[in-house]
Amino acid sequence: MLDIQLIRQDTEQVRAALAMRGSEFNIDEILNADKQRRELLQETEKLKAHRNTVSKDIGHMDNDGDRSKLVAEMRNVGDHISLLDRQVRDVESKLESLMLELPNIPDPGTPQGTNDNDNVTVREVGKERAFDFTPKPHWDIGSELGIIDFERGVKLSGSRFYILNNAGARLQRALISFMLDLHTSQGYSECYLPFMVKQINFTAAGQLPKFSDNIYHDVEDDAWFVTTAEVPLTNLHRDEILDSDILPLYYTAYTPCFRREKVTAGKEVRGIKRGHQFDKVEMYALTHPDESYRALEKLLADAEETCTKLGLRYRVRRLCTGDLGFGSRITYDIDVWAPGCNEWLEVSSISNCGDFQARRANTRFRPTKGTKTKYVHTLNGSGLGLPRTLIAVLENNQQADGTITIPEVLRLWMSGEETIG
RNA sequence: GGAGGGAUGGCCGAGUGGACUAAGGCGGUUGUCUUGAAAACAACUGUGGGGGAAACCUCACCGGGGGUUCGAAUCCCUCUCCCUCCGCCA
């Protein structure tokens, strides 16, 4: 959520900044509702102050004519107040829903652009491995080694579901453990989170109201399946006022992620790249506003370290204004190279959301004792998405004889095994 | 799932319709005293909104929402969460 005061004062800058995202937003309607709200508030509060004073006087009066005259008068004032209060409530809920639809303002340094073609590659790390045979895509590797079962996944749950077997399942588990341990050593505290959360968590994280299409949920129990650990992590300190000396807070968590993914089809469906259920290890930070850009670089460096430790070739891209996520001010993507399916796979998206989520989640801190509270800044980054990392590990480490060499950092969780197959 | 009991400020805890401007205590901050500390004493000690250049004024908030009333922490309805007991259960 943006600061309404900012919209009020720097209307044109806000309008211009949001326009860079490539869609129209109704700022005028917001300003209108805001003005209406304040006018109604002043009116109703004046009446309430009056009623409070008179009611107090009534309490001290004898039960005579004057008293009943005042009571009658206050009854009228009360009716007027409830009328105005109803109007205030209406305009406030209208204002709130409008505010919740507004995305974050892009960082001024964000490259201009309309879609992912305009994202800017910051650096490329690692060399492409020279194969003396044609590298296979992971769906062939997985089937041949019997470690990915597509048919039975579909039988159980429909398209976009698969089963990992034996070394496949174990390799994913090894990756999760490796990532969690690495992030812990990088200064994150690990947490195990609920995989279903209440709707309010999604609103606070900025996934609702806009992306309800993508979220599986059970209406009866207000149970919403997490689309990313970012959602519960954003809400860990919802409605809290933090002591400034505990900032920055760094968290890491493994969760499955559930997404409807209605939009894509065709080539995107092949293999395990984009399922309705996938695993992810997430990094998350809550920081002092002055520290969030430094924290962004930390998250990026920590995600990159995950790639280098696994020996993966990757590139870092800075997202353009048109590709930026709803709540983000600035986002880096990390893509790893997959030689079998012959494409860059996005394994991480690292964002500084500024105070956007903190406003929605009402997460504040007190800079120094006795001063007013301020909103923290929040950052999130995948560290990393599992299926795509698994794809990259399989495709990059395949051998001519069809076996897979297990990256050294993972062998600890693979009983010391060096190969699969 | 059933029955009963609860939810009050940073914490403990009093408060069953009008001085609640929420008692009292603990904790915290500042001050007095002291060489310093402790003790004692005193004052202050929540969040958010609106108006205002500011001083300041004002409104709301006693788990959430709604209602009754001139007036609600207090009465009514409803929801959530916690505790005790019973049932079921990995």
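Here is how names work: the chains are called A, B, and so on, in the same order as the sequence lines, proteins then strands, and each is numbered from 1. When reading the values below, keep in mind they use all heavy atoms of this one structure, side chains included, and skip hydrogens, waters and symmetry mates. Keep in mind that what you see is a predicted model, and the values were worked out from it rather than measured.
Nearest heavy atoms, A:Phe202 versus A:Val226: CZ-CA, 3.8 Å.
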>> Please encode protein proximity along nucleotides 46-62 of chain B as a string of B, S and -, counting only heavy-atom distances under 4.0 Å.
In response: SSSBSS------SSS--
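For B:C11, the paired nucleotide is B:G25, the pair qualifying as Watson-Crick or G-U wobble because both relevant distances are below 3.5 Å. With a cut-off of 3.5 Å on both pairing distances, the Watson-Crick or G-U wobble partner of B:C81 is B:G6. With both pairing distances under 3.5 Å, B:C61 is matched to B:G46 as a Watson-Crick or G-U wobble pair. In this structure, B:C41 forms a base pair with B:G31, meeting either the Watson-Crick or the G-U wobble geometry with both donor-acceptor distances under 3.5 Å. Searching all strands for a Watson-Crick or G-U wobble partner of B:C56 with both distances below 3.5 Å returns B:G51.
Side-chain atoms of A:Asp107 and A:Tyr293 form a donor-acceptor pair, as typed in the model, at a separation below 3.5 Å. Of the N and O atoms on the side chains of A:Glu282 and A:Thr255, not one donor lies less than 3.5 Å from an acceptor on the other residue. With hydrogens and angles left out, the side-chain atoms of A:Trp337 and A:Asp335 include no donor and acceptor closer than 3.5 Å. Checking A:Tyr284 against A:Thr234 by side-chain atom types alone, a donor-acceptor pair falls below 3.5 Å. Judged purely by distance below 3.5 Å, without hydrogens or angles, the side chains of A:Asp333 and A:Ser349 pair a donor atom with an acceptor atom.
The nearest whole Å value for the distance from the CD1 atom in A:Ile246 to the P atom in B:G10 is 16 Å. As rounded to whole Å, 15 Å separates atom P of B:U80 from atom CD1 of A:Ile200. Between the NZ atom of A:Lys56 and the P atom of B:G17 there is a distance of 18 Å, rounded to whole Å. The separation between A:Arg67 atom CZ and B:U69 atom C1' is 12 Å, rounded to whole Å. The distance from atom CZ of A:Arg238 to atom C1' of B:G64 is 13 Å, rounded to the nearest whole Å.
One C1' atom belongs to B:U16, the other to B:U8, and the distance between them is 14 Å to the nearest Å. The same atom, C1', is picked in B:U68 and in B:U74; the two are 13 Å apart, to the nearest Å. Comparing B:A14 with B:A73, their C1' atoms are spaced 12 Å from each other, to the whole Å. Separation of the C1' atoms belonging to B:U21 and B:G46 is 15 Å when rounded to the nearest angstrom. B:G67 and B:A72 are spaced 13 Å apart, taking the P atom of each and rounding to whole Å. Atom name P, nucleotides B:G5 and B:C11: the rounded distance is 26 Å, in whole Å. Spacing of C1' atoms, B:G13 relative to B:A22, comes out at 12 Å, to the nearest Å. Comparing B:C75 with B:G6, their P atoms are spaced 11 Å from each other, to the whole Å.
Just one of A:Val376, A:Asn352, A:Ile330 meets the side-chain contact (heavy atoms from CB on, under 4.5 Å) condition when paired with A:Ser292; it is A:Asn352.
Annotation for A:Met414: atom CE counts as buried by contact number, over 12 foreign heavy atoms lying within 6.0 Å. Annotation: A:Arg152, atom CZ; neighbour count of heavy atoms from other residues, nucleotides and ligands within 6.0 Å does not exceed 12.
Phosphate contact (OP1/OP2 of B:C70, side-chain N/O of A:Lys69, threshold under 4.0 Å): absent.
Pairs engaging residues 408-421 of chain A under the side chain to side chain donor-acceptor pair (under 3.5 Å) rule: A:Arg170-A:Ser415 [sequence neighbours left out].
Listed by residue number, A:Val71, A:Met74, A:Arg75 are the residues of residues 70-85 of chain A with a heavy-atom contact under 4.0 Å to RNA chain B.
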